[in-house]
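None of the values given here were measured: they were computed from a predicted structure. Residue numbers begin at 1 in each chain, while the letters A, B, ... track the order of the sequences.
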Amino acid sequence: MQNSIPIINQVFEIQTKLNDLSETTPFERNLNRLFAIFEEEGYVVKNPIHEPYQESRTDCEASIVGNINSKMKITKVLKPIIYQKIGAQMQLVQKAIVIVE
Amino acid sequence: MKAVNFGIDLGTTNSLIAKYENNKVRVFKNPFGQKETLASVVAYRKDRILIGDKAREYLTKDAVNVFGGFKRKMGTDEKFYVVNIDDNVTPIALSTLILKELKNFVQSEEVPEACVITIPASFDSMQSNATLKAGKEAGFKDVFLLQEPIAASLAFFNTNDGETQKSEGYWLVYDLGGGTFDVALVKSTEGELKVLDHEGNNFLGGMNFDTAIVDQLIVPEIIRQTKIENFEDEFRVKYGKYEMLYYQIMYYAEEAKKELSQSPSTVIEFSADIDNTKHDFYINITKEQLDEIFQPIINETIVLLKKILDNNQLTAQDIHQIILVGGSTFIPQVRHELMEQTRIPVNFSIDPTNSIAIGAAYYAANKFYEPSVKVASEIETDKVIEDILSSIDLNPIDLSVDVSYNRSSRDAEEVLLIACSGGYENKYYRITRADGGFDTGLIPLKAKKTEFLPLISSHNNSFTLHVYDEHKTELKDFAKELSIAQGVYNIDGQPLPHDICIEVDDMENKTTKLEVIFERNSLLPQKRTLYREISKTITKGSPESIIINILEGDKNSRASSNLTIGCIEISGKDLQADLIKGSDIEIQLHLTDSRVLNTSVFLVMTQQEFKNVFSIAEKQVNIGRLKEQFIQLEIDLTETVRQFQYNEDDIWEIRASALLSELHEVKKALFKLKDNDKSDDKYVIAQKVLRISQDADKLGGNERIAMLIETYMTRKEEVFALISSADFIKDEMLSQYKKIEQSEPSFIKSKNVSVIENKLQQLHDLYWKAMSNTTSFLISIYIEYKNADAGEYKDYSAAKSIMRLADTALESEKYPEFRRHVYHLSSLLKRVRFNFNNDFKGTGIG
């Protein structure tokens, strides 16, 4: 699939916006299906929201809000982490763009 | 002597490494994140040193320990005091770390021994010598320096062959990067390039454009909508209440800037909680607005450019072209204004982000150094010595690094214990994950250390532990590969003893096939959603149905050899509307720790959901499906008996016949069963069919498998030859052939008779398909049809008229038409020669 990564980012953004509107949306099933299709194409998408943040995480590009401390968490995800499956191996193809607090 | 070949752009904001090889230049990517650029930032965190993009994240938050822009201080006696290590570091030491990190981008066997490093045209001798020193300290045996505008020109002339012919004269190199601006006047005389003059501003670049968008377009809109008057003052306060919003908006501004390089307008939309009220912003930005706010920044660069021309008494007509370098020259208005205001042609044919590194690599191809090992024979001798040394484990460094960790895990991270003995002081370690998502940075080695390794779920995670000496140079002999399987297999957990499969239709071969849902040894619990299509139309209220058959056993065997652990039948009577062939079905399966199977089937077309829970203690049997499985098994067994007879293999023939007789014993009882039978008979019969099917797979032993594989290989060659000489649908048949060929490793490995037989049957079908698409065969079959008696046809007069049409088509060599008539004729025969239809019902899931 050409342009897969920009498409994945758009779908992710749609999902984020819908989730902001309400906890469950009638589009959940369709979105899950889309992510399943991306996975079949070899792209694994990961939303790191609420995960702890450490400096060793090279799967994210972070902007840090407030003071640096050891209990920082990812509080906003502007772009998700995307891995590509190459044979049995995974390769990071997009770092997440996140805000950490 | 050996060509240097490696070129490095040691930039103020970003650095790159490239190599000249086979007349081309390759720019290396960072193994972490796959970007070509490495942020020129070093962070001394409490317990580790970070280099690159990760370090940049801490730049504004931890300024006393994180350093960027140190290139500007090269050649000065300035030192940076690092709070965390209570020591001073020099700009040379920081540049050395960047250069060493760039060396890690080269993931080949070759370790760069010499390189060309670019420097700004403005660098004096002190600054140049400082760069040389950093290169040497980074472990380069020889270092050559090259001015950045020359590097950009070299990249330009080497990638624009036509231009080189008329390169004599003056050129301007306009370099607008992320945070700096430089413009240089370059003169080319008889192939020699020389920088005559340069101007620059160390605080002008891409960041200024982003800030302009935020300040002049976004912030006014926020104030207009929220009516918070002091918002602008609060917005910029470090650690202030809008800090999160600030980073978010800076990101959107950068994205909008990129978008508007290609489109006439874009929209920035975001939601934000401002003073406890949620606001939705929808800010439309046009290219015209952007042009207006960018104008003053661009003008500033053009003033410097014109200054150079004035200082050198040159006019626009004296300059060939302006060569654009630096990421910010992607902005269309930069290009437009340069052309408008200078009237000099602007050339943006080279990639502005990596052209300096590329130019450095071209230069490096013509620079030579004395390599450590000289000639091939010496390399070989060295290798022999190296091998001997490694075999006797003669390690000159007194250091031992041992690791201990769990090789499988169910957790999101796993702890790694590192134990060191010997001279570990002043040495460092670093752990990286192969996919690029984890990098600890450089951490001092201690006698005992623990490190938490984050794991990607359901995946085999590969890590490498690197060890570095006091100069941060890697000691490759100490590198260790670590592998941790997350959720794949765990001896503490409950692995699945067999594959769990779903039976789906194989319409091409009029049979069903198994598709694995959860692989053997997967760790429980397991959850998965399958997305499939309905393979037959089921009208509302009809007795037709779709069957979701979940089986446990071997994924490579036939369905009847597996145990049914869950079966859901959805008939037309359950439907609220017709279910059309091709519509979507979603099957969610959840196998719990205690092996209870929960299924949820959702029919997208009718928007109906069917939920079931199966305990594996209960047997599930669908009578219709069982009958089909029975018929398939009967056909297979009859063919097996026939084969043993043909091969005069009496012993196996007796066993196969016995199985066939056993099967026949239950035939009557099975076909007497109604679909809604409530008795236990179906379980008894199903169990017997299962056992016979499993026994049938073992008939003939390894000899039979070997024979089948041999037959398969021979038949494969025949089929390929036949397809190659076919006259119609060659591509379609070749693709089917390749599909079978691709599945070879798995089905041969399965050592399962029914699976190999199934593939043989597919080859057999393809053989006949190829035959019936070969004109010579069609002619021979047509002659046979023509000579058939009238009584052999269902409608002889219709057959006669088709024969006339076929004759005409044949005479005029219209073979596709001729083929159509032969097929038509075949369908009129009472005795079916090619059967393209049968009563296969299947599961209804494609």
Side-chain angles (χ1 to χ4, degrees), chain A residues 5-6 9 13 16-17 19-21 26 29-30 32-37 39-40 44 46 48 51-70 72 75-79 81-101, chain B residues 30-35 43 45-46 48 50 52-58 60-62 239 243-248 250-252 255 269-271 278 280 412-413 431-441 443 451-454 456-457 459-462 528-531 584 586 588 602 604:
Chain A
I5 294 173
N9 288 330
E13 202 177 317
T16 312
K17 283 181 182 173
N19 287 344
D20 283 347
L21 292 174
R29 195 179 285 281
N30 306 76
N32 289 342
R33 173 77 190 266
L34 281 169
F35 285 115
I37 294 171
E39 202 155 334
E40 277 172 24
V44 179
K46 192 175 174 228
E51 287 183 11
Y53 185 78
Q54 286 109 16
E55 52 217 354
S56 54
R57 280 195 79 143
T58 41
D59 54 358
C60 297
E61 268 182 46
S63 295
I64 301 163
V65 173
N67 285 314
I68 300 170
N69 62 72
S70 59
M72 290 189 293
T75 52
K76 188 138 194 112
V77 180
L78 303 173
K79 272 187 182 174
I81 304 168
I82 306 176
Y83 290 101
Q84 191 175 11
K85 277 187 198 161
I86 301 163
Q89 288 301 316
M90 296 255 253
Q91 185 63 53
L92 183 71
V93 288
Q94 178 179 282
K95 291 183 180 192
I97 308 286
V98 300
I99 292 176
V100 167
E101 284 181 272
Chain B
N30 188 342
F32 307 100
Q34 297 292 312
K35 267 161 73 176
R45 304 280 302 132
K46 275 206 179 80
R48 65 191 74 199
L50 303 173
D53 294 1
K54 264 309 96 175
R56 180 178 282 165
E57 288 173 8
Y58 293 85
T60 54
K61 293 287 161 181
D62 192 12
Y239 302 115
E243 200 186 1
M244 183 176 184
L245 187 61
Y246 173 79
Y247 291 123
Q248 206 177 329
M250 280 301 277
Y251 170 74
Y252 291 135
E255 291 289 297
E269 52 174 316
F270 58 95
S271 303
K278 195 184 172 204
D280 293 320
E413 55 182 16
I431 302 165
T432 56
R433 203 174 64 200
D435 59 84
F438 174 76
D439 179 6
T440 57
I443 303 171
E451 195 68 55
F452 286 90
L453 306 178
I456 304 177
S457 64
H459 190 74
N460 201 14
N461 292 260
S462 302
R528 204 178 146 191
T529 307
L530 297 174
Y531 299 94
D584 289 345
E586 296 180 10
Q588 198 180 82
F602 183 74
V604 175

Visitor: Do you know the tightest heavy-atom contact between A/M72 and B/Y58?
Guide: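 Result for this residue pair: CE-OH, 4.2 Å.
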Visitor: Using side-chain heavy atoms (C-beta onward) and a distance below 4.5 Å, is B/M250 in contact with A/S63?
Guide: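 Contact flag for B/M250/A/S63 side chains = no.
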Visitor: Tell me, side chain or backbone of A/I97 under 4.5 Å from chain B's heavy atoms, or both, or neither?
Guide: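 Just its side chain gets close to chain B.
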Visitor: Should B/Y251 and A/E61 count as side-chain neighbours, where that means a heavy-atom distance under 4.5 Å?
Guide: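 Contact flag for B/Y251/A/E61 side chains = no.
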Visitor: Could you measure the distance from the CD atom of B/E243 to the CD1 atom of A/I99? Nearest 0.5 Å is fine.
Guide: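 It is 9.5 Å, given to the nearest 0.5 Å.
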Visitor: Looking at residues at least two apart in the chain, or sitting in another chain, which of them share a salt bridge (charged side-chain N to carboxylate O under 4.0 Å, His left out) with B/D584?
Guide: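 Listed in chain order: A/R33.
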Visitor: Closest heavy-atom contact between A/I68 and B/D62?
Guide: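 Answer, listing the atom of A/I68 first, then B/D62: CD1-CB, 3.9 Å.
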Visitor: Where on A/E101 is there a heavy atom nearer than 4.5 Å to chain B: the side chain, the backbone, both, or neither?
Guide: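 Contact with chain B: side chain only.
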Visitor: Tell me, side chain or backbone of B/I456 under 4.5 Å from chain A's heavy atoms, or both, or neither?
Guide: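 B/I456 touches chain A through side-chain heavy atoms alone.
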Visitor: Search all heavy atoms of B/E57 against all heavy atoms of A/I64 and return the closest pair with its distance.
Guide: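 Shortest heavy-atom separation between B/E57 and A/I64 comes out as O-CD1, 3.8 Å.
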Visitor: For B/D53, which atoms come within 4.5 Å of any heavy atom of chain A: side chain, backbone, both, or neither?
Guide: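 It is the side chain, since no backbone atom gets that close.
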Visitor: Any idea which heavy atoms bring B/R48 and A/S56 closest together, and the distance?
Guide: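 Smallest interatomic distance, heavy atoms only, reads NH1-CB, 4.1 Å.
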Visitor: Does B/R433 have any salt bridge (charged side-chain N to carboxylate O under 4.0 Å, His left out) partners at least two apart in sequence or in another chain, and if so, which?
Guide: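 Expected list: B/D435.
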Visitor: Heavy-atom pairs under 4.5 Å with chain B: which of A/R29, A/Q89, A/K17 has the most?
Guide: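 Most heavy-atom pairs within the cutoff with chain B belong to A/R29.
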Visitor: What part of B/T432 lies closer than 4.5 angstrom to a heavy atom of chain A: side chain, backbone, both or neither?
Guide: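 Contact with chain A involves no heavy atom of B/T432 at all.
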Visitor: How far does OG1 of B/T440 sit from CD of A/Q54, to the nearest 0.5 angstrom?
Guide: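 Reported value, rounded in 0.5 Å steps: 11.5 Å.
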Visitor: Compare every heavy atom of B/K54 with every heavy atom of A/C60, then report the nearest pair and how far apart it is.
Guide: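 Nearest pair, atom of A/C60 first, then B/K54: O-NZ, 2.5 Å.
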Visitor: Could you measure the distance from the CD atom of B/E255 to the CG atom of A/N9? Nearest 0.5 Å is fine.
Guide: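 It is 8.5 Å, given to the nearest 0.5 Å.
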Visitor: Would you mind checking which part of A/K79 comes under 4.5 Å of any heavy atom in chain B, side chain (CB onward), backbone (N, CA, C, O), both or neither?
Guide: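 Only the side chain of A/K79 comes within 4.5 Å of chain B.
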Visitor: Does any heavy atom of chain A fall under 4.5 Å from the side chain of B/F270, the backbone, both, or neither of them?
Guide: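 Interface part for B/F270: neither.
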Visitor: In terms of heavy-atom proximity below 4.5 Å to chain B, should A/K46 be classed as side chain, backbone, both, or neither?
Guide: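 Looking at A/K46, nothing touches chain B.
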Visitor: Heavy atoms, side chains only, cut-off 4.5 Å: are B/Y531 and A/I37 in contact?
Guide: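 No, side chains not in contact.
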Visitor: What pair of heavy atoms forms the shortest contact from A/L78 to B/Q248, and how long is it?
Guide: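 Smallest interatomic distance, heavy atoms only, reads CD2-CG, 4.0 Å.
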